[in-house]
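Being a predicted model, the structure only gives us computed values, none of them experimental. Whatever order the structure lists them in is the order used to number ligands and atoms, beginning at 1.
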Amino acid sequence: MSSMDDFIIGLPKAELHIHIEGSLEPEQMFAFAARNEVAIPYASVEEVRAAYAFGNLQDFLDIYYAGAQVLQTRQDFHDLATAYFDRAAQDGVVHAEIMFDPQTHMERGIAFAVVIEGLLSAIAQAQGRHGMSSSLILCFLRHLSEADAFAALEAAGPWLDRISAIGLDSSEVGHPPEKFARVFAAAAGHGLRLVAHAGEEGPPDYVWQALDGLHVDRIDHGNRALEDDTLVSRLAAEGMTLTVCPLSNLKLCVIDAIGDHPIDRMLDLGLRVTVNSDDPAYFGGYVADNYRAVAEARKLSKAQIATLARNSFTGAFLPEEAIAAHLARIDAYMAGQTD
Ligand code: ADE
Ligand code: ZN
C-alpha cells in the first residue's frame, strides 16, 4: 500500500451517498438466491461481473433492480447492510447515511417492515461492532408516480423517527424533481431532511428544481451544475453539499475517463463536494477506492483530500456537537502528518 492509500484509509470520513441495494456483491447475490430459492439469470459470479458494463444510468438500473429481487427476508437486509458496514469500517468510514429503495421491494410483495427492521438491526450492530454511527435515507423511485411515493411515505409512518431523510433516485431524465414537490413537502412536515439525485444525467434545471421546488438539504451528484455558472455561485454561496461519486460517474459514462473527473474543479469553485461510492458492488469500488481514484487521477493534495472528508461531516445529518467532534478528529489526524 502506498503512503497515499494509508493516508486515505486512516482519514476519518462519512459516506453520504450509498444505495444499500447497490452494495449487493455477486457472491451475496448467489447466496441469497440459493437460500431463498430465487432464480437468477447468471451461471457464475464471473458472468455477473461481465454483465456490469453500462452505457448509461438506465442500463445499470435494469440490472440493479433485477439483482434486488434476491432480497426477501429481514435477515437478507440485515446481512446486506452488515457486509457494507464491515467493509466501510475498513475504509475509515465512521458515519454512514445509507439510502434504500423500499418501492423496489414493496412492489414485489416484501413488506416495508421486513426491509426496515433488517436495516435497523444492522445499524445497531454496526454501532457496537465498529463504533460507526449510521442512519437511513428513504428514496422514492422517480420513474414511479407521485401517488406511489405518497404510499411509500405512508408505509414508513411507524418508523419515521428512525429515518433521517427522504431521497429521490432512479431514472432521472424525464422525471424532474418538481413531480415530487408535494410529497417532499409532506416529508419535511414530518421533520425529515431532504436530498435528491439531480444533475447526474439530468440538466442543470433539475438541480434548480431540487433547490427551489423540493428545498433539499443536499444534492446527490450535481455534476451537470457545472454547466451553469449562476447555479454554481448559488450552490457555493449556500454551502450546499454535493455527494459526488467518481467511480459511478465513470461506470455510467457521466465522464469519459477518470482523468476527466471535475472533483478538483468543483473544490476550486468553492463547492462543498464529498466523495462517495453510490453502488459499490456495481461500480468497482467502496469509498476509499473512490478517494484513491480521484486522488491519483487528479493529483489531489492531502489538504484537498482532507477537505473532501471534512465536507462529508459538515454535510452530514448529525447533531452540531457530533460534527464538531469529527472535524476535530480530522484536525488531529492532519496535525500528525509529516508531509
Ligand atoms: N439508484 C441507485 N444508484 C443510482 C444512481 N446513481 N442514480 C440514480 N438512481 C440510482
Ligand atoms: Zn445514487
- Quick one: are the ring centres of Phe283 and Phe60 less than 6.0 Å apart?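 Yes, the ring of Phe283 comes within the 6.0 Å limit of the ring of Phe60, centre to centre.
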- Message: Aromatic contact between Phe317 and His95, with the criterion being ring centroids under 6.0 Å apart: yes or no?
- Response: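 Judged by ring-centre distance (under 6.0 Å), Phe317 and His95 do not meet the cut-off.
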Considering heavy atoms of the protein only, find what lies nearest to [atom] and give residue, atom and distance to 0.1 Å.
atom: atom 1 (N) of ligand 1; result: His19 CE1, 3.6 Å
atom: atom 3 (N) of ligand 1; result: Asp279 OD2, 2.7 Å
atom: atom 9 (N) of ligand 1; result: Ser170 N, 2.8 Å
atom: atom 6 (N) of ligand 1; result: Asp278 OD2, 2.7 Å

Check ligand 1 against [X] and write out every atom of the ligand that is under 4.0 Å from a heavy-atom position of the residue.
X: His221; answer: 6 (N)
X: Leu61; answer: 1 (N), 9 (N), 10 (C)
X: Glu200; answer: 5 (C), 6 (N), 7 (N), 8 (C)
X: Phe60; answer: 2 (C), 3 (N)

- Task: Kindly report the NE2-the Zn ion (ligand 2)-NE2 angle for His19 and His17 respectively, rounded to 10°.
- Result: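 Computed angle, vertex at the Zn ion (ligand 2), rounded to 10 degrees: 110°.
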- Aromatic ring pairing His17/His221, orientation class (parallel under 30°, perpendicular over 60°, tilted between):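 Perpendicular: the ring planes of His17 and His221 meet at over 60°.
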- Parallel, tilted or perpendicular: rings of Tyr282 and Phe54 (30°, 60°):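 Rings of Phe54 and Tyr282: tilted, as their planes differ by 30° to 60°.
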- Query: Under 3.5 Å, side chain of Glu172 to main-chain N/O of Asp169, donor-acceptor pair present?
  - Reply: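 The answer is no, because no donor-acceptor pair under 3.5 Å joins these two groups.
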- Item | Residues forming a side-chain contact (heavy atoms from CB on, under 4.5 Å) with Pro204, sequence neighbours excluded |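 For Pro204 the side-chain contact (heavy atoms from CB on, under 4.5 Å) partners, ignoring immediate neighbours, are Arg224, Glu227, Asp228, Leu231.
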- For the hydrophobic clusters of this structure (ILVMFWY residues joined by side-chain heavy atoms under 4.5 Å, transitively), does one cluster hold both Val294 and Val244?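 In one cluster with Val294: Val244, yes.
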- Any N, O or S atom of His197 closer than 2.8 Å to the Zn ion (ligand 2):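 Checking His197: at least one N, O or S atom is under 2.8 Å.
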- Ring-face cation of Lys251 near Tyr52 (centre distance under 6.0 Å, axis angle within 45°):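 Lys251 over Tyr52 ring: no.
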- Can you name the N/O/S atom of Asp278 that is nearest the Zn ion (ligand 2)?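 It is OD1, the N, O or S atom of Asp278 closest to the Zn ion (ligand 2).
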